[in-house]
There are 2 protein chains.
Amino acid sequence: MSLNQQHVNKLHPDESVVNTNLDEVFDMQQVSINMIKKATKKVDRRVLRTRKQLSQSLLELMQQSSFEEITIKDITDRADMNRATFYLHYGTKEELLFKSLESRFDELVHTIETQLETKPDEPIWADGCYEQMVFEHVADHVDLYKVVLDQNGMGTIIHQIIDYIAAVTLRHTIDYHDNQDTNGIPLEAISRHVAGSMFSLIVWWVRNDLPHPPKEMADICHRLINLGCDNVFDTD
Amino acid sequence: MSLNQQHVNKLHPDESVVNTNLDEVFDMQQVSINMIKKATKKVDRRVLRTRKQLSQSLLELMQQSSFEEITIKDITDRADMNRATFYLHYGTKEELLFKSLESRFDELVHTIETQLETKPDEPIWADGCYEQMVFEHVADHVDLYKVVLDQNGMGTIIHQIIDYIAAVTLRHTIDYHDNQDTNGIPLEAISRHVAGSMFSLIVWWVRNDLPHPPKEMADICHRLINLGCDNVFDTD
DNA sequence: TGAGTTATGCGACACAATGTCGTTAAATCA
DNA sequence: TGATTTAACGACATTGTGTCGCATAACTCA
């Protein structure tokens with residue numbers, strides 16, 4: 001019976017358990033974000049190559065088929081490798097997908113943060129500059145995000161993406177606003193609000209094939225999140 | 001090969017195709033929302049009973065196992081019926097799940113709308129009254145939402161839920177603000193913003209086992225969405 | 001109520017995907 | 001170079017899926 005207990009992949013017991021709880025999601029983020037600064041460990045070239053091929057194959061297949069329809073055999077076939085090899089690296093295709101996305105997110109966050117470090121704090125956060133970088137990043141990788149965000153059945157990913165945005169936002173909110181009073185609103189709620197709104201706007205934007213330029217979307221996003229809906233209607 | 005083409009369930013060709021595009025999602029909402037006012041058609045009692053049992057069985061199973069782990073056999077076993085019977089009503093378990101949730105959403109929306117009809121427009125939308133009804137609804141069905149929103153791998157559902165909220169919000173925004181100027185911000189973006197933020201806040205709230213009373217969450221939600229983040233920090 | 005319709009039960013089937021394994025060959029690292 | 005690690009290959013048992021025909025029970029409607 002399939003309800004007994006989680007499947008445990010004996011081939012790589014350290015990272016085999018499928019993510020089902022929040023802790024692991026956050027762990028993954030922390031690790032990933034920190035990874036950026038770490039020197040790349042010495043990994044066997046074959047491993048690197050294999051993982052890159054698997055990642056690319058999945059992404060390519062997702063341009064043609066929906067995620068659930070894609071089997072592990074499909075992925076390994078396209079990558080010209082044996083199906084068993086997949087299991088040497090990943091437990092599920094979901095894991096492969098998020099690991100693939102993760103690196104792109106990390107790059108984006110890293111870019112934003114280093115850019116912001118070189119300038120005074122206040123104006124940049126205030127005028128939607130970082131939102132612009134986000135939307136430009138999405139625009140630069142439309143093909144990918146179109147596939148990831150415009151498809152149903154991408155459950156794990158969606159939660160993980162929102163969690164990711166919320167985690168980064170929370171960190172920045174703490175850094176920037178420090179112990180500022182929030183009138184009883186938890187900082188986590190604020191970061192959730194930002195993450196949810198931004199995610200939802202990005203999905204809408206991507207689904208409709210980027211109907212506005214990134215700068216405009218960034219402005220819309222910034223105004224809605226920071227000034228609120230009332231402001232949008234009030235200033236007429 | 002599994003990439004050729006969508007699976008078509010020959011048993012019920014009219015609704016057999018799995019939802020993979022946005023149109024169907026919106027269709028579903030429209031139909032569903034309208035359904036409420038329609039008189040319930042004469043449906044064979046056995047059908048009603050079967051569907052109710054399937055729905056309940058799935059929901060119960062989800063309290064114990066994650067959605068992907070649950071098989072159709074598990075569902076029909078618990079409902080004490082034959083596996084083939086499932087396919088007489090639904091094409092996939094995802095379909096069953098969303099149909100189950102759909103009715104609850106419709107009820108909530110219906111409740112809110114009738115309540116609002118009996119009172120003057122302005123103050124109710126303005127002071128977070130409807131948000132409160134939403135969060136109270138979630139609190140009333142914690143067990144269900146805990147399972148649906150706190151699990152990974154619930155892809156289809158998450159997109160559909162956000163779409164649903166956005167659709168309702170858009171309708172209300174159009175009704176209430178009419179042709180009011182929005183400084184170039186599309187109404188759809190506004191509804192997406194509201195839906196994303198609200199969804200994300202609900203997920204956070206549910207995951208953390210409702211750390212604040214519904215009224216407080218409604219207030220937080222209302223302030224963040226309508227007054228924006230800046231306002232939260234500014235008024236100290 | 002009884003006749004006709006319809007849903008479900010049951011058992012079976014072919015098929016596809018999964019996770020695992022042992023052995024062999026090849027690539028890589030030091 | 002030699003030692004180590006990785007991938008290829010083929011195979012296997014297992015599980016879930018979607019479908020079918022037929023018998024029976026439940027329901028509807030007149």
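In what follows, chains carry the letters A, B, and so on, assigned in the order in which the sequence lines appear, proteins first and then strands, with residues in each chain numbered from 1.
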In whole angstroms, the gap separating P of dT19(D) from OH of Tyr90(B) amounts to 17 Å
CG (Asp74(A)) and CE (Met62(A)) are apart, to the nearest 0.5 Å, by 13.0 Å
From CG of Asp80(A) across to C1' of dA27(C) the rounded distance in Å is 17 Å
Problem set entry | Lys99(B) bridged to Glu95(B) by N-O distance under 4.0 Å | yes
note: Glu69(A), atom CD; dG16(D), atom P; distance rounded to Å ~ 21 Å
*asked:* Salt bridge or not between Asp77(B) and Arg83(B)? Use side-chain N to carboxylate O under 4.0 Å.
replied: no
- Query: Is Asp44(B) salt-bridged to Arg49(B), going by a charged N under 4.0 Å from an acidic O?
  - Reply: no
Judged by nearest nucleotide, the residue sitting upstream toward the 5' end of DNA chain D, Ala79(A) or Lys73(B), is Ala79(A)
Taken to the nearest whole Å, CG/Leu88(A) to P/dG19(C) is 13 Å
Separation of dA27(C) atom C1' from Met81(A) atom CE, nearest Å, is 14 Å
Any His89(A) side-chain nitrogen or oxygen under 4.0 Å from OP1 or OP2 of dA7(D)
yes
In whole angstroms, the gap separating P of dA17(C) from CG of Leu61(A) amounts to 13 Å
Between CD1 of Ile75(A) and C1' of dT18(C) the distance, given in whole Å, is 13 Å
Residue-phosphate contact under 4.0 Å: Thr50(A) side-chain N/O, dT6(D) OP1/OP2: no
Whichever of Arg83(B) and Arg45(B) has the more 5' nearest nucleotide on DNA chain D, that residue is Arg83(B)
Among dA12(C), dG9(C), dC9(D), the one nearest any side-chain atom of Thr85(B) is dG9(C)
To the nearest angstrom, the CG-C1' distance between Asn82(B) and dT24(D) comes to 13 Å
| message | Could you walk me through whether Glu107(B) and His137(B) satisfy the side chain to side chain donor-acceptor pair (under 3.5 Å) test, starting with their C-alpha distance in whole Å, then the side-chain angles of each, then the deciding distance to 0.1 Å, before giving a yes or no? | response | CA-CA 10 Å; Glu107(B) 287 168 20; His137(B) 165 88; over 6 Å; no
Has the side chain of Arg46(B) got a donor or acceptor that lies under 3.5 Å from a partner of the other kind on the base of dT6(C)? yes
